[in-house]
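Written out below as structure tokens is the structure these notes cover.
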Amino acid sequence: MEIAMNHEQAKNIHLSEILDKINCKPARTSGNDVYYLAPWRNERTASLHVNTHKNVWFDHGIGEGGGVIKFVCKYLESSGVDHTEADARRWVKNMFEGIIFIAPVKLPATSTDDRKLIITHVQDIERPALIQYLESRGIPLSVAKPYLKEVYVHNKESKKSIFALGFKNDKSGYEIRNAFFKGSAKPKYLTFIRGLIPKPEGIHIFEGWPDYLTAIIRKRNGQRFKDDTIVLNSLSNLKKATPYIKGYGYRIAYTWMHNDEPGKAATTSLDNFFKTEENLLHKPMNKEYAPYKDMNAFHMVKLGL
């Protein structure tokens, strides 16, 4: 079990470093006084004041303030996860000691537990924490909106709820993701995205939606491909993709698998299938973002994120 940083250690972390970690940049600076757009709501005028000398903050929009721990508690609360002092100290430790942060909300991520996750509400993306998460991945809200929703998820076992980004599949299940959690609500299935032209010659295949959105940002200025697209949402759906392709008459298949062993195996498996289709050329795209694991990781490096 990971031991949280103690209170004294946590409060010595600079608030400016924490804000930088969550991709919150200064709006204006005057000596030791730095102003930010509050990360827990949408606002146009920077009302979050940080005194870098005293290492304290005050949000003029809500009349609240304090030190490092209270700031992190407020941020975790706005992100829909547990936000006690212990949770805040654990978050600080994980963020600043190089440990990957696993949220204290105990939502299962394995397929056997997906039945426990229930989508209770779906709406357009509004939460600042979700918008900031997208921005931290180099994905503008304008590009994400046609494909992602803000979803509220209830865990029947733990009785806890979170909000997250939801990517809908063709069986009305959702891939669920926020800065602290990645999972899915059944049924688990792939997502087919029709291209801009009827009966296109090409088909693009991605493992997940972050890579798809990244690809259309870098290749199509945020517009969907002219060719059709399949987002697998999991390599377990690989075989489910073949009926969408078999006998359709595609002439070229672009695969955007990850540069890891499962991704390489999936590329090989797809290549073997493509060879059974008449006049179907396979074009693996993974060399474009090597040596990085995937398209989104490559994109983030290029943006300096």
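- No donor-acceptor distance shorter than 3.5 angstrom exists from the side chain of D124 to the backbone of K145, with no hydrogens or angles considered.
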Just do the side-chain contact (heavy atoms from CB on, under 4.5 Å) check on L148 and R177 with the steps written out, would you?
CA-CA 10 Å; L148 300 175; R177 187 180 296 206; over 6 Å; no
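- Around atom CD of E150, more than 12 heavy atoms belonging to other residues, nucleotides or ligands sit under 6.0 Å away.
- With a 4.5 Å cut-off on side-chain heavy atoms, Y75 and I18 do not count as touching.
- Of the possible donor and acceptor atoms, one in the side chain of T52 sits under 3.5 Å from a partner among the backbone N and O of N32.
- Using cut-offs of 30° and 60° for the angle between ring planes, the F58 and H60 rings count as perpendicular.
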Side-chain atoms of residues 294-305: list all donor-acceptor pairs with protein atoms under 3.5 Å, sequence neighbours left out, distances to 0.1 Å.
| unit_1 | atom_1 | unit_2 | atom_2 | d |
| --- | --- | --- | --- | --- |
| D294 | OD1 | N296 | N | 3.2 |
| D294 | OD1 | A297 | N | 2.7 |
| N296 | OD1 | R137 | NE | 2.7 |
| N296 | OD1 | R137 | NH2 | 2.8 |
| N296 | ND2 | R137 | O | 2.9 |
| N296 | ND2 | T214 | OG1 | 2.9 |
| H299 | ND1 | R218 | NH1 | 2.9 |
| H299 | NE2 | G138 | O | 2.8 |

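- Residues Y250 and D228 meet the side-chain proximity criterion, which asks for heavy atoms closer than 4.5 Å.
- Annotation for C73 and A88: closest pair SG-CB, 3.7 Å, computed over non-hydrogen atoms.
- Aromatic pair Y152/H154: ring centres not closer than 6.0 Å.
- Ion pairing between R41 and D59 holds under the 4.0 Å rule for side-chain N and carboxylate O.
- The heavy-atom pair separating A27 from A46 by the smallest distance is CB-CB, 3.6 Å.
- No donor-acceptor distance shorter than 3.5 angstrom exists from the side chain of Q123 to the backbone of K149, with no hydrogens or angles considered.
- Taking CD1 from I216 and CG from D211, the interatomic distance works out to 12.0 Å, rounded to the nearest 0.5 Å.
- Under the 4.5 Å side-chain contact rule for hydrophobic residues, L165 and Y212 share a cluster.
- A distance of 13.0 Å separates CG in N233 from NZ in K168, rounded to the nearest 0.5 Å.
- For the atom pair E126 CD and L141 CG, the distance stands at 10.0 Å (nearest 0.5 Å).
- Judged by distance alone, with hydrogens and angles left aside, the side-chain atoms of W57 form a donor-acceptor pair with the main-chain N or O of G66 at under 3.5 Å.
- Taking the ring centre of Y248 as origin, the terminal cationic atom of K199 falls inside the region bounded by 6.0 Å and 45° from the ring axis.
- Hydrophobic clustering of Ile, Leu, Val, Met, Phe, Trp and Tyr side chains at less than 4.5 Å, counting indirect connections, keeps F163 apart from V122.
- Applying the 6.0 Å contact sphere to OH of Y35 captures more than 12 heavy atoms from other residues, nucleotides or ligands.
- T229 contributes atom OG1, which lies 15.5 Å from atom CH2 of W209 (distance to the nearest 0.5 angstrom).
- Side chains of Y174 and L117 form no contact here, defined as non-hydrogen atoms less than 4.5 Å apart.
- Put simply, the side chain of K25 reaches to within 4.5 Å of the side chain of D20, judged on heavy atoms.
- Using a cut-off of 4.0 Å between Lys/Arg side-chain N and Asp/Glu carboxylate O, E175 and K182 are scored as not salt-bridged.
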Walk me through it: do L15 and Y36 pass the test side-chain contact (heavy atoms from CB on, under 4.5 Å)?
CA-CA 11 Å; L15 281 165; Y36 299 82; over 6 Å; no
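- P284 and T255 make their closest contact through CA-OG1, 3.4 Å (heavy atoms, listed as atom of the first residue, atom of the second, distance).
- Between the side chain of N55 and the backbone N or O of I13 there is at least one donor-acceptor pair closer than 3.5 Å.
- With sequence neighbours excluded, the residues that form a side-chain contact (heavy atoms from CB on, under 4.5 Å) with V56 are N51, K54.
- Atom CG of N221 has 12 or fewer heavy atoms from other residues, nucleotides or ligands within 6.0 Å.
- Y133 and L37 fall into different hydrophobic clusters, where Ile, Leu, Val, Met, Phe, Trp and Tyr are joined by side-chain heavy atoms under 4.5 Å apart, directly or via other members.
- What you find for L235 and A266 is that their closest heavy atoms are CD2-CB, 3.8 Å.
- I119 is listed as a side-chain neighbour of I176, based on a closest heavy-atom distance under 4.5 Å.
- Using a 4.5 Å cut-off on side-chain heavy atoms (C-beta onward), K246 and F273 make contact.
- In this structure the side chain of D170 reaches within 4.5 angstrom of the side chain of L190, judged on heavy atoms.
- Taken from NZ in K188 to NZ in K171, the straight-line distance is 15.0 Å, to the nearest 0.5 Å.
- One hydrophobic cluster holds both I139 and F206 under the rule that ILVMFWY side chains link at heavy-atom gaps under 4.5 Å.
- Ring geometry, Y244 versus Y189: the interplanar angle falls from 30° to 60°, so the pair is classed tilted.
- Remark: E64 CD is packed, more than 12 non-hydrogen atoms of other residues, nucleotides or ligands lying under 6.0 Å away.
- With respect to the salt-bridge test (charged N to carboxylate O, under 4.0 angstrom), the residues E288 and K219 qualify.
- I118 CD1 to K156 NZ: the interatomic distance, rounded to the nearest 0.5 Å, is 4.5 Å.
- Here the closest non-hydrogen pair linking Y292 and N259 is O-ND2, 2.9 Å.
- Residues L134 and I162 do not share a hydrophobic cluster, defined by chaining ILVMFWY side chains whose heavy atoms lie under 4.5 Å apart.
- Under the ring-ring contact (aromatic ring centres under 6.0 Å, His included) criterion, F225 pairs with H204, not counting sequence neighbours.
- At a threshold of 4.5 Å between non-hydrogen side-chain atoms, the residues I203 and D227 do not count as touching.
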Where do N286 and H258 land on the side-chain contact (heavy atoms from CB on, under 4.5 Å) test, with the steps shown first?
CA-CA 7 Å; N286 56 301; H258 291 178; over 6 Å; no
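- K293 NZ: 12 or fewer foreign heavy atoms inside a 6.0 Å radius.
- Of all heavy-atom pairs between F180 and N178, the closest is N-OD1, 2.7 Å.
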Should V153 and F181 be marked as a side-chain contact (heavy atoms from CB on, under 4.5 Å) after you check the CA-CA gap, both sets of side-chain angles, and the distance that decides it?
CA-CA 11 Å; V153 188; F181 173 74; 6.0 Å; no
